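Single-structure report; data block below.
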Amino acid sequence: REKQRNRQREKLVLLPFLMSLFCGALPDQIRYSIPEELLDKGSFVGNIAKDLGLEPRELAERGARIVSRGRTQLFALNPISGSLVTVDRIDREELCAQSMPCLVSFNILVENNMKIYGVEIEIIDINDNFPRFRDEEVKVKINENAATGTRLALPFARDADVSVNSLQSYQLSPNIHFSLEEKSGDDGQKYPELVLEKPLDREKVAAHNLLLTALDGGDPILSSTMHIRVMVLDANDNAPLFSLPEYRVSVPENIPVGTRLLMLTATDPDEGINGELTYSFHNEDDKISKTFQLDSKLGEILTLQSLDYEESRFYLMEVIAQDGGALLASAKVLITVQDVNDNVPEVILTSRASSVSEDCPPGTIIALFSVHDGDSGENGEILCSIPRNLPFKLEKSVDNYYHLLTTKALDREEISNYNITVMVIDCGNPPLSTESYIYLNVADINDNPPIFPHTPYSTYILENNPRGISVLSVTAQDPDSGNNAKVTYSLAEDTFQGIPLSSYVSINSNTGVLYALDSFDYEQVKDLQLWVMASDNGDPPLSSNISLRLFVLDQNDNVPEILYPSIPTDGSTGVELAPRSAEPGYLVTKVVAVDRDSGQNAWLSYHLLKASEPGLFQVGLHTGEVRTARALLDRDALKQSLVVAVQDHGQPPLSATVTLTVAIADSIPDVLADLGSLEAPRDSQASDLTLYLVVAVAAVSCVFLAFVIVLLALRLRRWHASRLLQAAGGGLLGAPASASQFVGVDGVRAFLQTYSHEVSLTAGSRESHVIFPQPNYVDTLLSQESCGKSEPLLISEEINVNEELGVVQVRFFFSMLACSFFFFICFLNLFSSAKHGTLDLGSGHGPQGVGVESQMGLLAQCRVSLRFPSLFLCPLHLHPHMHSLKRNKYFF
């Protein structure tokens, strides 16, 4: 028998290869056929990669996998060979029982493109099951007076195989009293019956032992046997009789446990024990005995457990009624289970994308899922839908699979995620429904630049601000997310007055806070025009800019600046003239001032702080004009001193003062004439100091003058003797005497040209002061050149050393003479200053002597310039400056 099975295995093992050749060309449905229990674990079923049009390695690369619902996985994919293989040995009877054909269906999902393919595998039956009786031995009772032809029902055998491999016939062991007949039921089952062929005689044989053999049609033929013991009873004339040969009942699947389904009725006209009937199931299987209960006395059939239409749609059973005399009757009972809409539709999510980019095109597959309802008919019809206001749609695929697709472009900034509700509802009454949720996250792309909420920005900052102070904070919002929404700030490169803007301000790249790098000065920078740029960190980055105007606010940090009267650089004070005939309101002068600040800080007002004679002058509050407040009188002093204050309107106010000296006279000569008769008030201590100074300078001058006279007399004597020796020697010298004399005078000129002074006289001087400037190096250089040119006239080969020393002494003499004259002038100047005013010796810059200079028509100054270089070389009446010197009575 084992050899026959091996031969059958060899014949059937080629079926998968042949079936794959004919069925593998279908694009969406692939069919294979394999024999049951002939393949070990990992046995080849079919080349699924070839049938799908893929290379073996592409199965794993594309994420191919088997998806099935509610069933143990019987097959697997071999990623190396690309073939479909078995997971374990397959038993067709366990899978399909008596159903034909036995088909196993599942789907293969290719994750890469979310395409699904149906696979159907037929399990071919082999003769691997023996016909089997439930009992190895059975007892049958029969009356001894039973008529010939009486039939006795026997237990039938069951064969789990199908078709030709199932139960085909019965054989009865040879005997003279009984024969065997077979009856075929509506379900195709063969039922054996014993037929009495010859009357029985209990007294001869009380029991007959028979052997019943059940045979199938396989190759080889399999069989099993059952022992039958026929007990011969005493006579029982009437057999029980059921009211119906077949009982039918339909019940809903949701009836409660213990419900009575029907009551069987059988009658027996016999009396006594021969009329007492007992009901029992005949040839029932385990499923029926576990589901139903038969009352042996009453004939009622009850439920032992809940019925399930999806598990079994009907139950067919046989019930016998047997009397005490061993006569019996049988009837068929068919219980039909009615479907009730008791199964909620379910959604099985096969594959889904957790996130999708917001720039995905319409038609992008989001998820793949299947729906299932365990009910049948209308109760199993399912409708699937999603809300209409979403940019998605459902598209039916093979079997009960659906694709969830996008219908339009997504925008993460509007909706960043979707919770899609998939609703499935059946067509039962009442309908049942269920909801499944698919969560989808929309992935961001950098499609939005940063946006400033305000445009443009403007802010203010006070000048003289501390360095590093925060000026303003700008903020830009980016509706993207992650790095695409991270904003950095920067300033556009630009210059202001030739200086980069980065030298004035900076911005924090992370917070957008603008800082002042330096202290602003309103007088230099009144406003700055900036461009702030906000960039995100996307790829590529997006940016936007905004104009920012920074206004510098003025502070009162500048003191009013007086333009007129200007303060002379040499320290003298200007004098304004006012004629004695001036009427009240006469414009004497005007104080002109400016303030570098602006606005209220630059509004100036003029005030007269102090006057030597109050009430004589007044100052315009806003004009700065100095006018006479009344007519001038003879008793009014020649020199009037005014202190004018200029004040701005800042907080706190700043001010500046200027001192004006007004001389009351009709003309400049009158001023000079009147200045001589002025006795400036001074205290006794100052007078004593001046007197001591004059006496000391006079004593030094007299001593020096006496020394010079003695030296001059000695030198003239030696010089005269030298000239006599030259005349006696016959003209030993090559140069005339006049040349030597000229050279001496030239040396004096060179010495005196190094001294050039300017003497300024002002009427307001209280003390005498002398300023000694640096020598005029230009004149000195000219003098040295002049001396260098005259030396050849003095020196010759015949001049002896004594003559050279004489020339030096002559030069020294004239130098001392010039110094004496200079000290004498200083003495006169000090004496004059002590009596009348200030004598200022400054460096001269022009040939002008005493002159009147007008500044803006209001300023009059008296200057006397004294130059000494040529006083000793020409007569006084020929010197160009003598006329001006003669007018200075303090000098002469």
Side-chain angles (χ1 to χ4, degrees), residues 134-135 138-156 170 172 177-202 207-208 210 212 228-251 260-285 288-289 292-303 314-336:
R134 180 176 179 181
D135 300 316
V138 64
K139 292 181 180 180
V140 179
K141 296 179 181 180
I142 186 171
N143 288 326
E144 62 177 334
N145 59 351
T148 303
T150 300
R151 295 176 179 271
L152 298 177
L154 297 177
F156 62 86
Y170 295 94
L172 187 65
H177 293 280
F178 298 95
S179 64
L180 182 66
E181 289 188 5
E182 297 176 4
K183 292 177 63 177
S184 296
D186 296 336
D187 55 354
Q189 180 68 41
K190 296 181 181 298
Y191 299 94
E193 290 184 348
L194 280 178
V195 180
L196 183 62
E197 298 291 339
K198 185 177 180 179
L200 299 173
D201 187 356
R202 180 181 176 281
H208 298 269
L210 306 176
L212 180 64
I228 302 174
R229 184 176 181 83
V230 180
M231 306 297 296
V232 181
L233 303 177
D234 286 339
N236 183 15
D237 298 330
N238 297 291
L241 180 64
F242 282 98
S243 59
L244 294 174
E246 183 175 337
Y247 292 86
R248 295 175 179 268
V249 63
S250 295
V251 293
R260 187 181 69 176
L261 302 181
L262 76 159
M263 177 178 287
L264 303 177
T265 303
T267 59
D268 191 332
D270 293 330
E271 293 182 355
I273 192 172
N274 292 329
E276 293 180 1
L277 300 180
T278 302
Y279 299 92
S280 63
F281 288 119
H282 184 62
N283 293 325
E284 80 277 11
D285 57 14
I288 291 178
S289 61
F292 302 100
Q293 178 184 3
L294 176 61
D295 191 325
S296 61
K297 298 299 182 181
L298 300 177
E300 292 179 346
I301 298 179
L302 308 175
T303 58
F314 63 89
Y315 297 90
L316 181 62
M317 62 196 77
E318 183 181 7
V319 178
I320 62 174
Q322 187 174 10
D323 58 18
L327 296 181
L328 54 86
S330 64
K332 300 289 184 181
V333 177
L334 178 62
I335 300 175
T336 303

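Just so we're clear, the structure is a prediction, and the values are computed from it rather than from any experiment.
- Atoms CG and CG, on L298 and L277 in that order, are 12.0 Å from each other to the nearest 0.5 Å.
- In this view, R229 and N209 satisfy the side chain to side chain donor-acceptor pair (under 3.5 Å) rule, not counting sequence neighbours.
- Taking 4.5 Å as the limit, every side-chain heavy atom of F178 sits out of range of all side-chain heavy atoms of V140.
- Annotation: salt bridge (charged side-chain N to carboxylate O under 4.0 Å, His left out) contacts of E197 (sequence neighbours excluded): none.
- Taking every heavy atom of both residues into account, L210 and L172 meet most closely at CB-CD1, 4.0 Å.
- L180 CG to L152 CG: the interatomic distance, rounded to the nearest 0.5 Å, is 11.5 Å.
- For the pair T303 and L261, the minimum side-chain heavy-atom distance is below 4.5 Å.
- Y247 is linked by a ring-ring contact (aromatic ring centres under 6.0 Å, His included) to nothing, counting only residues two or more places apart in sequence or in another chain.
- For F292, the ring-ring contact (aromatic ring centres under 6.0 Å, His included) criterion is met by Y315, not counting sequence neighbours.
- By the side chain to side chain contact (heavy atoms under 4.5 Å, CB included) test, K198 pairs with I176, H177, sequence neighbours left out.
- With sequence neighbours left out, K139 forms a salt bridge (charged side-chain N to carboxylate O under 4.0 Å, His left out) with no residue at all.
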Cut-off 3.5 Å, no hydrogens considered: what does the side-chain donor-acceptor table look like for residues 319-334, sequence neighbours left out?
unit_1, atom_1, unit_2, atom_2, d
D323, OD1, N236, ND2, 3.1
D323, OD1, G325, N, 3.1
D323, OD1, A326, N, 3.0
D323, OD1, L327, N, 2.6
D323, OD2, N236, ND2, 2.7

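- Interatomic distance, E182 CD to E193 CD, rounded to the nearest 0.5 Å: 10.0 Å.
- With rounding to the nearest 0.5 Å, the separation of CD in Q189 from CD in E318 is 11.0 Å.
- When the side chain to side chain donor-acceptor pair (under 3.5 Å) test is applied to E246, the partners found at least two apart in sequence or on another chain are R248.
- Residues passing the side chain to side chain contact (heavy atoms under 4.5 Å, CB included) test with S250 are T336, Q338, sequence neighbours excluded.
- Residues passing the ring-ring contact (aromatic ring centres under 6.0 Å, His included) test with Y279, sequence neighbours excluded: none.
- No donor-acceptor distance shorter than 3.5 angstrom exists from the side chain of Y170 to the backbone of F156, with no hydrogens or angles considered.
- Going from atom CD1 of I228 over to atom CG of L194 covers 5.0 Å, rounded to the nearest 0.5 Å.
- Judged as a side chain to side chain donor-acceptor pair (under 3.5 Å), and not counting sequence neighbours, the contacts of E284 are R134.
- The side-chain heavy atoms of P155 and D135, taken from C-beta on, include no pair separated by under 4.5 Å.
- Checked against side chain to side chain donor-acceptor pair (under 3.5 Å), E300 has the following partners two or more places apart in sequence or in another chain: R260.
- Shown here for I335 and I301, the closest heavy-atom pair between the two residues is CD1-CG2, 4.3 Å.
- Between I288 atom CD1 and L294 atom CG the span is 11.5 Å, to the nearest 0.5 Å.
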